[in-house]
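Lettering follows sequence order; numbering is per chain, from 1. All values below come from the heavy atoms of this structure, side chains included, with hydrogens, waters and symmetry mates left out.
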Number of protein chains: 2
Amino acid sequence: MPGRPHPARATSADVARLAGVSRATVSFVLNDTEPGRVSDATRARVRAAAEQLGYVSHAAARALRAGRSNLVLMPASQAAIGRLVSDWLDELQLALHEHGYTLVLHGGRGADPVEVARVWAEMRPAAVLAPVPGLTPAAVELLRTAGVRAVIATGGEPVPGAHTMIFRQDELGRLAAAHLIERGRRRLAVLMPGERGLDVFAAERLAGVRQAAGGPGAEVTPVPLRYDWDDALALARAWPGFDGVFAYNDEYALLLVRALQEVGLEVPGSVAVAGADDLLPARIARPALTSVRIEPGSADELAALVHRLVEEPAEPGVVGAVRMRLIVREST
Amino acid sequence: MPGRPHPARATSADVARLAGVSRATVSFVLNDTEPGRVSDATRARVRAAAEQLGYVSHAAARALRAGRSNLVLMPASQAAIGRLVSDWLDELQLALHEHGYTLVLHGGRGADPVEVARVWAEMRPAAVLAPVPGLTPAAVELLRTAGVRAVIATGGEPVPGAHTMIFRQDELGRLAAAHLIERGRRRLAVLMPGERGLDVFAAERLAGVRQAAGGPGAEVTPVPLRYDWDDALALARAWPGFDGVFAYNDEYALLLVRALQEVGLEVPGSVAVAGADDLLPARIARPALTSVRIEPGSADELAALVHRLVEEPAEPGVVGAVRMRLIVREST
DNA sequence: GTGAAAGCGCTAACAT
DNA sequence: ATGTTAGCGCTTTCAC
């Protein structure tokens with residue numbers, strides 16, 4: 001072993017030795033379990049010893065002992081959506097921390113869901129929060145078998161074996177499309193991004209648009225678009241005469257609007273465009289963008305739910321629903 | 001203990017039993033250590049047994065044994081910057097995975113750096129990658145003491161005790177300001193977001209602007225701005241006659257441009273505005289936004305560096321630099 | 001080519 | 001009020 005440039009990390013045994021107590025006592029003091037069991041004097045001595053040695057507990061050892069870690073896992077893709085979401089994640093992180101959990105985001109976009117679930121399962125997290133497409137039945141099974149107490153999926157339908165936070169992607173499409181149709185649009189396009197596993201969500205949103213269009217007999221066409229100016233411009237140049245667009249989300253919507261303007265098509269005059277997520281750029285765009293706002297619900301409540309499910313596993317079922325609301329602005 | 005709704009998680013002992021070998025053999029086979037030590041027949045039997053039992057190794061046990069986990073930790077705030085960054089993080093995740101590491105992002109924005117470092121240290125990660133403001137000397141010390149092999153800071157100056165990827169925030173400001181001055185601007189404003197711990201970066205960027213302004217004698221004023229339309233509008237309404245702005249980043253730049261336009265101030269006619277990050281929205285804005293592009297370097301190389309440092313800890317020092325480049329567009 | 005066994009750091013049941 | 005101890009699942013040295 002190469003020379004240790006730093007003092008060997010202190011263990012609870014070191015703390016015990018320095019404080020002149022047993023390791024058990026150290027554990028009781030530092031974890032505040034069974035309050036009143038250890039005298040105040042001893043507690044003080046233990047804390048002082050821990051402080052002096054710069055003691056930091058070993059999460060892996062605790063996890064091994066407990067059978068699971070205190071990790072709550074989420075796919076990192078979530079964080080990239082925008083400030084609203086990332087602020088909300090901050091709140092969630094804080095709320096979970098107060099329950100003793102550590103929220104971590106893990107990438108693995110596009111990879112085989114089961115492969116990703118395997119990596120997650122190895123960490124023996126207390127809970128996993130993830131959108132449905134990543135949580136295939138095999139992935140859920142893998143996680144449950146590995147002992148993950150709370151597997152919470154967000155998706156349109158209850159997921160067998162997992163708790164489900166209902167999040168109807170199709171509702172996004174339906175809300176936007178119903179509005180476009182009400183505005184008299186009958187030739188609808190639905191933007192279908194191919195990037196980063198968004199295709200699954202896009203397909204569900206498309207289905208929602210189709211539903212809304214069914215009755216009134218509007219025509220619906222899925223249109224692939226990459227998040228790329230040249231691609232957007234090419235689409236706008238060859239615009240097939242759609243008079244209404246549901247653009248997957250605000251980013252794609254703003255990209256398309258800009259491209260349409262570039263080729264002289266008026267928004268909403270010639271083409272009405274609606275997005276989703278209701279980010280600030282949507283609000284300040286010209287024309288201001290109609291969007292479907294997603295209301296993620298209280299981070300505190302979700303943290304409490306996670307804690308409850310971890311403490312006493314319950315029958316899988318629906319644990320809540322994400323609400324959404326159409327914000328009408330100038331672009332439609 | 002409440003009833004186990006799921007089969008008890010299989011351990012390597014279970015696999016060994018089913019395959020009729022020892023736990024040692026299981027370990028050798030599944031980790032591919034010492035190839036050629038175990039016969040092909042045995043290997044196949046072990047693999048089959050693992051498969052059949054749905055065996056998933058226990059990261060905590062491995063970490064306990066190894067003295068450290070295979071986690072590489074980064075602050076989650078990074079992911080929220082934009083698609084470019086989050087795509088790059090994906091690459092990094094993949095590259096690290098190939099070296100056997102798991103990249104996880106952890107929040108904890110705004111909290112006491114030492115408190116956050118403590119949570120990180122408990123996970124005994126193999127490496128930590130973080131911007132300087134979070135890595136105070138005390139935080140670095142804590143991590144090193146906990147045995148983290150590679151603490152890689154990104155910041156303007158070498159960080160004592162840590163490896164440093166040089167990332168000159170002030171260079172961003174300097175590049176933008178030099179350009180504004182070259183365009184004849186002499187009354188410069190620097191937008192100072194207060195949110196999410198951005199203030200530290202903002203201060204450094206401001207310092208860069210001041211440097212660039214020193215020689216030519218341009219006047220520099222820091223101007224607080226929240227990421228909020230009303231705040232931006234209020235600023236624009238009371239615009240104190242600045243003729244050039246470095247806007248912290250593209251998001252704030254686009255917000256300000258929009259507010260200036262709202263009150264009838266022309267960009268770049270009356271006010272030239274430059275951002276940073278060079279996101280797609282900057283490119284397609286009207287006027288297209290001048291921005292400083294940040295080039296994060298190769299994810300593969302960074303992953304390899306992490307691996308090298310973990311394998312054989314080296315003297316802390318400078319391990320590379322993030323380059324940046326001014327992209328001139330219409331807004332200046 | 002394979003097995004036995006020690007030990008990583010922690011917690012909690014049990015003993016004093 | 002405090003201490004003893006077993007054992008969580010894994011890797012790896014050493015013995016066969």
Chemist: Provide, to the nearest angstrom, the distance between the CZ atom belonging to A:Arg43 and the P atom belonging to D:dA1.
Modeler: 11 Å
Chemist: Keeping B:Arg118 on the side-chain end and A:Val56 on the backbone end, is there a donor-acceptor pair under 3.5 Å?
Modeler: no
Chemist: Hey, does the side chain of B:Thr145 reach the backbone of B:Glu141 with a donor-acceptor pair shorter than 3.5 angstrom?
Modeler: yes
Chemist: From CZ of A:Phe28 over to P of D:dG3, roughly how many Å is that when rounded to an integer?
Modeler: 11 Å
Chemist: With respect to the phosphate group of C:dC10, does any side-chain polar atom (N or O) of A:Ser12 fall under 4.0 Å of OP1 or OP2?
Modeler: yes
Chemist: Give one of base, sugar-phosphate or nothing for B:Ser27, where a contact means two heavy atoms less than 4.0 Å apart.
Modeler: base
Chemist: Starting at CZ of B:Arg17 and ending at P of C:dG3, how long is that distance when rounded to a whole Å?
Modeler: 13 Å
Chemist: OP1 or OP2 of C:dG1 versus the side-chain N and O atoms of B:Thr42: is any pair under 4.0 Å?
Modeler: no
Chemist: To the nearest Å, how far apart are B:Arg124 CZ and C:dC10 P?
Modeler: 7 Å
Chemist: With a non-hydrogen cut-off below 4.0 angstrom, is B:Arg37 in contact with a base, only sugar-phosphate, or nothing?
Modeler: base
Chemist: Using a cut-off of strictly less than 4.0 Å, decide whether B:Ser39 has a side-chain nitrogen or oxygen near OP1 or OP2 of C:dG1.
Modeler: no
Chemist: Whole angstrom is fine here: how far is it from CZ in A:Arg23 over to C1' in C:dG9?
Modeler: 7 Å
Chemist: I need the CG-C1' distance between A:Asp14 and C:dC8, as an integer number of Å.
Modeler: 13 Å
Chemist: I'd like to know if the side chain of A:Ser298 reaches the main chain of A:Asp300, judged simply by a donor and an acceptor atom lying under 3.5 Å from each other, with no hydrogens or angles considered.
Modeler: yes
Chemist: Would you mind telling me which residue lines up with the more 5' stretch of DNA chain C, B:Leu64 or B:Gly20, judged by nearest nucleotide?
Modeler: B:Gly20
Chemist: Any side-chain N or O of A:Thr11 less than 4.0 Å from the OP1 or OP2 oxygen of C:dG9?
Modeler: no
Chemist: Under 3.5 Å, is there a donor-acceptor pair between the side chain of B:Arg45 and the main chain of B:Ala19?
Modeler: yes
Chemist: Taking for each residue the nucleotide of DNA chain D bearing the nearest heavy atom, is the 5' side occupied by B:Ala24 or by B:Ala61?
Modeler: B:Ala61
Chemist: Is A:Ser69 reaching over with its side chain to a backbone N or O of A:Ala63, donor-acceptor style, under 3.5 angstrom?
Modeler: no
Chemist: For D:dT2, does either OP1 or OP2 sit under 4.0 Å from a side-chain N or O belonging to A:Thr25?
Modeler: no
Chemist: Let me know the distance between CE of B:Met123 and P of C:dC10, rounded to the nearest Å.
Modeler: 16 Å
Chemist: Atom CD of B:Glu122 and atom C1' of C:dC10: how far apart are they, to the nearest Å?
Modeler: 12 Å
Chemist: Can you see if the side chain of A:Ser57 gets near the phosphate of C:dC10 - specifically, an N or O under 4.0 Å from OP1 or OP2?
Modeler: no
